[in-house]
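Here's the structure we're looking at; comments come further down.
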Amino acid sequence: MKRKPDRKFEQETGSLEERLSDALERVIMAGRASFMKEAMSAGISAVQFQIIRVLGREGKAAVGDLARKVNLTPATVSDSVNALVEKGFARKEKDADDRRRVVVSLTEKGMKSVEAPQIERVFSEILGGMEAAEKLVLFRFLLKLILSFQERGIVQEARMCLTCRYFQPHVHDDRERPHHCALVDAPLGGLLLRVDCPDHEAEKDPSNALKEVDRFVS
Ligand code: SF4
């Protein structure tokens, strides 16, 4: 039996846009709280924990690069790196590839503390159970979100194919892999676009890239 809608109740519920925005805010807050909890149990600050996570992924990085990655000033990151060195989680040394550069890397103690936080494990679990079409929509949404953050200066750097000078869109007559990375000379599909590429060289404007997400990611 079809029931008459309760307009007052539905009005109180709010629009779908409002609830999506609400839900996103809760995810952000939960992520922050989870990071804080993991950091506290390791005896470090949330920023120090973020730095450890980046170093766990990248192996080594200069302070300036770390600052861009965690979206904080080099001075703040430098203080946190010094604290991590003092606590035995990280070390600073001359880069073996470029002796003029000082890089930070993790010690054995630091490596042991980079286990994926609980929230990340939950993400993997949920994403693993999603259909390809759902993941496509989510991927597009997240790319748009990051590019919009970048456009407004909320995120300093996002090393994504869509803003890279080596990205050549729609150059191949191949529905699966129509794009190309000129640096590695390899075809790229929309779902293969990178979101944090170490070889990225910024060239394209995030505002223009934002307009092309739906066309490039399909
Ligand atoms: S260098 Fe990296 S970011 Fe640039 S197009 Fe190639 S894969 Fe994408």
Side-chain angles (χ1 to χ4, degrees), residues 24 27-28 31 50-74 77 95-106 114 116-117 119-120 123-124 127-128 130-218:
L24 278 170
V27 171
I28 293 168
Q50 268 180 287
I51 292 170
I52 285 183
R53 300 275 306 141
V54 174
L55 291 172
R57 276 198 305 269
E58 313 241 324
K60 63 179 181 181
V63 166
D65 295 333
L66 279 173
R68 275 193 295 279
K69 297 285 295 183
V70 298
N71 216 31
L72 290 167
T73 65
V77 171
D95 189 355
D97 303 325
D98 177 358
R99 305 298 295 167
R100 290 163 304 175
R101 216 166 80 109
V102 173
V103 286
V104 189
S105 60
L106 294 178
V114 291
I119 195 152
E120 216 171 285
F123 283 160
S124 307
L127 290 169
M130 280 169 68
E131 299 289 332
E134 289 178 299
K135 282 190 249 192
L136 170 71
V137 173
L138 184 60
F139 192 43
R140 278 185 182 163
F141 168 72
L142 291 174
L143 290 177
K144 286 180 190 174
L145 200 59
I146 296 169
L147 287 166
S148 300
F149 281 170
Q150 213 183 345
E151 195 184 28
R152 289 165 176 78
I154 300 169
V155 162
Q156 290 173 38
E157 187 189 76
R159 304 183 300 178
M160 306 198 294
C161 290
L162 290 172
T163 53
C164 179
R165 66 181 290 233
Y166 298 114
F167 179 59
Q168 299 174 334
H170 291 293
V171 292
H172 300 297
D173 190 15
D174 178 349
R175 282 187 61 185
E176 294 259 305
R177 289 176 178 75
H179 316 309
H180 195 77
C181 169
L183 183 75
V184 290
D185 193 23
L188 275 172
L191 291 177
L192 287 169
L193 297 186
R194 291 189 176 188
V195 291
D196 190 18
C197 174
D199 299 317
H200 173 269
E201 277 191 38
E203 185 184 71
K204 292 169 188 132
D205 183 32
S207 313
N208 290 335
L210 190 54
K211 292 179 203 143
E212 303 288 5
V213 173
D214 291 340
R215 210 161 67 80
F216 293 167
V217 183
S218 54

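Counting starts at 1 for both ligands and their atoms, following the listed order.
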Nearest-contact summary for atom 8 (Fe) of ligand 1 - protein heavy atom, Å: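 In this structure, atom 8 (Fe) of ligand 1 has Cys161 SG, 2.4 Å as its nearest protein heavy atom.
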With Leu210 as reference, evaluate Leu147, Leu143, Ile146, Leu145 under the side chain to side chain contact (heavy atoms under 4.5 Å, CB included) test and give the passing residue.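 Going through Leu147, Leu143, Ile146, Leu145 one by one, the side chain to side chain contact (heavy atoms under 4.5 Å, CB included) with Leu210 is satisfied by Leu147 alone.
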Atoms of ligand 1, numbered as shown, that sit under 4.0 Å from any heavy atom of Cys164: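 Selected atoms, number and element: 1 (S), 3 (S), 4 (Fe), 5 (S).
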Interfacing atoms of ligand 1 (cut-off 4.0 Å, heavy-atom, Arg194):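 Near Arg194, the atoms of ligand 1 are 7 (S).
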Full working for side-chain contact (heavy atoms from CB on, under 4.5 Å) between Lys204 and Glu212: CA-CA 11 Å; Lys204 292 169 188 132; Glu212 303 288 5; over 6 Å; no
Salt bridge or not for Arg159 and Glu58, using N-O below 4.0 Å?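 Salt bridge present between Arg159 and Glu58.
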Is there a donor-acceptor pair under 3.5 Å between the side chain of His179 and the backbone N or O of Phe216?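 Side chain of His179 to backbone of Phe216, a donor-acceptor pair under 3.5 Å: yes, one is there.
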Cys181 near atom 6 (Fe) of ligand 1 via N/O/S, less than 2.8 Å: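 Cys181 does place an N, O or S atom closer than 2.8 Å to atom 6 (Fe) of ligand 1.
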Heavy-atom side-chain proximity of Arg177 to His172 below 4.5 angstrom: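 No; the side chains remain at least 4.5 Å from each other.
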Taking 2.8 Å as the cut-off, does an N/O/S atom of Cys197 lie below it from atom 8 (Fe) of ligand 1?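 Here the distance criterion (N, O or S atom, under 2.8 Å) is not met by Cys197, so no.
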